[in-house]
Amino acid sequence: MSLYAIGDLHLHFQSPLKAAAQQKDRVWKNHEETFKRNCAQLLTEADTLVLVGDHSWGRHLAECEEDMRYIAALPGRKILTRGNHDMFWDAAKTEQLNARFAGELFFLQNNYARCGDVALVGTKGYCFEGPFFLNARGRIVGWDEEAEAHAKKLVERELQRLRFSFEAARADGFRRFIVFLHYPPTSILEEESGFTAMAEEYGAEQLIYAHCHGEARFHDSLEGEKNGVTYRLVSGDYLRWQPLKILD
């Protein structure tokens with residue numbers, strides 16, 4: 001039994017395609033078929049696949065039914081976290097989603113999932129992404145402080161949700177953790193954040209994130225080991241639609 005992760009499928013079987021990159025970049029051409037084929041070759045029914053946000057362009061669940069069926073048909077157990085484009089998923093109604101898709105999909109929000117003796121915890125996350133003010137050399141010389149203040153409020157909300165997941169798992173006796181965020185754990189201005197601090201506080205082994213699209217953004221946040229936590233980017237285009245094994 002192995003644990004794999006990937007994010008940002010951005011499926012649109014029933015909804016309009018909204019990202020220009022999906023219309024023109026080669027890596028996105030027929031990515032649904034590429035990903036489905038890679039999963040069939042790599043995963044078994046005993047494996048677990050965590051899909052780290054931005055599953056569908058659908059605005060509500062009725063526009064996501066074919067996208068959910070596509071995901072449910074992939075091999076193994078499927079666990080989903082929220083992304084910034086997942087409009088169909090109201091965090092307060094996660095239990096309803098888990099009831100509707102019981103036995104097919106598990107929605108990870110204000111709860112946790114078991115993978116052997118490891119608890120999988122997660123939330124959407126958030127980080128400040130600008131606007132930034134650049135000089136003639138393209139270096140950041142300032143940023144929108146009002147937008148930054150708003151971002152800090154969103155970060156605090158997501159930190160509360162993540163702590164709830166950690167505490168629920170710890171109350172059930174878990175001492176090993178892997179964290180899943182959709183957003184990167186830090187902005188490009190940060191070397192640490194509330195998310196990195198919480199991962200260290202609970203002794204998380206890994207923190208997995210997505211959201212960073214295109215080569216210009218692949219290195220916006222932490223990668224590799226830092227203070228005992230291993231950080232991994234699993235955006236679909238970064239992985240070329242090959243799920244990343246994160247635990248044997």
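Every heavy atom of this structure was used, including side-chain atoms; hydrogens, water molecules and symmetry mates were not. Throughout, numbering of the chain's residues begins at 1 and tracks the sequence.
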Next on the checklist: If we ignore hydrogens and angles and just use 3.5 Å, is the side chain of Asp86 paired with the main-chain N or O of Asp54 as donor and acceptor?
Outcome noted: yes

Checklist entry - Is there side-chain contact between Ser221 and Tyr231, with at least one heavy-atom pair below 4.5 Å? => result no

Checklist entry - In terms of the angle between their ring planes, are His182 and His211 parallel, tilted or perpendicular, with boundaries placed at 30° and 60°? => result perpendicular

Item to check | Non-hydrogen side-chain atoms of Arg37 and Glu32 separated by less than 4.5 Å | outcome: no

Checklist entry - Would a line drawn from the ring center of His213 to the ring center of His10 be shorter than 6.0 Å? => result yes

Next on the checklist: Does this structure show an ion pair linking Glu156 with Lys153, if we count only N-O contacts that are shorter than 4.0 Å?
Outcome noted: no

Item to check | Pair Thr123-Glu158, side chain to side chain donor-acceptor pair (under 3.5 Å): steps then yes or no | outcome: CA-CA 7 Å; Thr123 191; Glu158 291 300 309; 2.6 Å; yes

Checklist entry - What is the ring orientation for Phe107 with Phe101, classed by angle as parallel under 30°, tilted 30 to 60°, or perpendicular over 60°? => result tilted

Next on the checklist: Under a 3.5 Å distance rule, please check whether Asp90 uses its side chain to pair with a backbone N or O of Ala92 as donor and acceptor.
Outcome noted: yes

Checklist entry - Mind checking whether Ile140 and Ile188 have side chains closer than 4.5 Å, heavy atoms only? => result yes

Checklist entry - Given the rule in the side chain to side chain contact (heavy atoms under 4.5 Å, CB included) test, do Trp89 and His55 qualify, once you have shown the distances and angles that lead to the verdict? => result CA-CA 10 Å; Trp89 185 345; His55 314 292; 4.2 Å; yes

Item to check | Thr81 side chain near Gln109 side chain, heavy-atom distance below 4.5 Å | outcome: no

Next on the checklist: Quick check: do Phe35 and Pro243 have side-chain heavy atoms less than 4.5 Å from each other?
Outcome noted: yes

Checklist entry - Can you tell if the side chain of Phe88 reaches within under 4.5 Å of the side chain of Arg59, non-hydrogen atoms only? => result no

Item to check | Heavy atoms of other groups near Phe164 CZ, more than 12 under 6.0 Å | outcome: no

Checklist entry - Is there a side-chain contact between Lys245 and Leu3 (heavy atoms, below 4.5 Å)? => result no

Next on the checklist: When you compare the side chain of Leu162 with that of Val121, does any pair of heavy atoms fall below 4.5 Å?
Outcome noted: yes

Checklist entry - Is any side-chain N of the basic residue among Lys78 and Glu104 closer than 4.0 Å to the acidic one's carboxylate O? => result no

Checklist entry - Is it true that Glu65 and Arg100 have a side-chain N and a carboxylate O under 4.0 angstrom from each other? => result yes

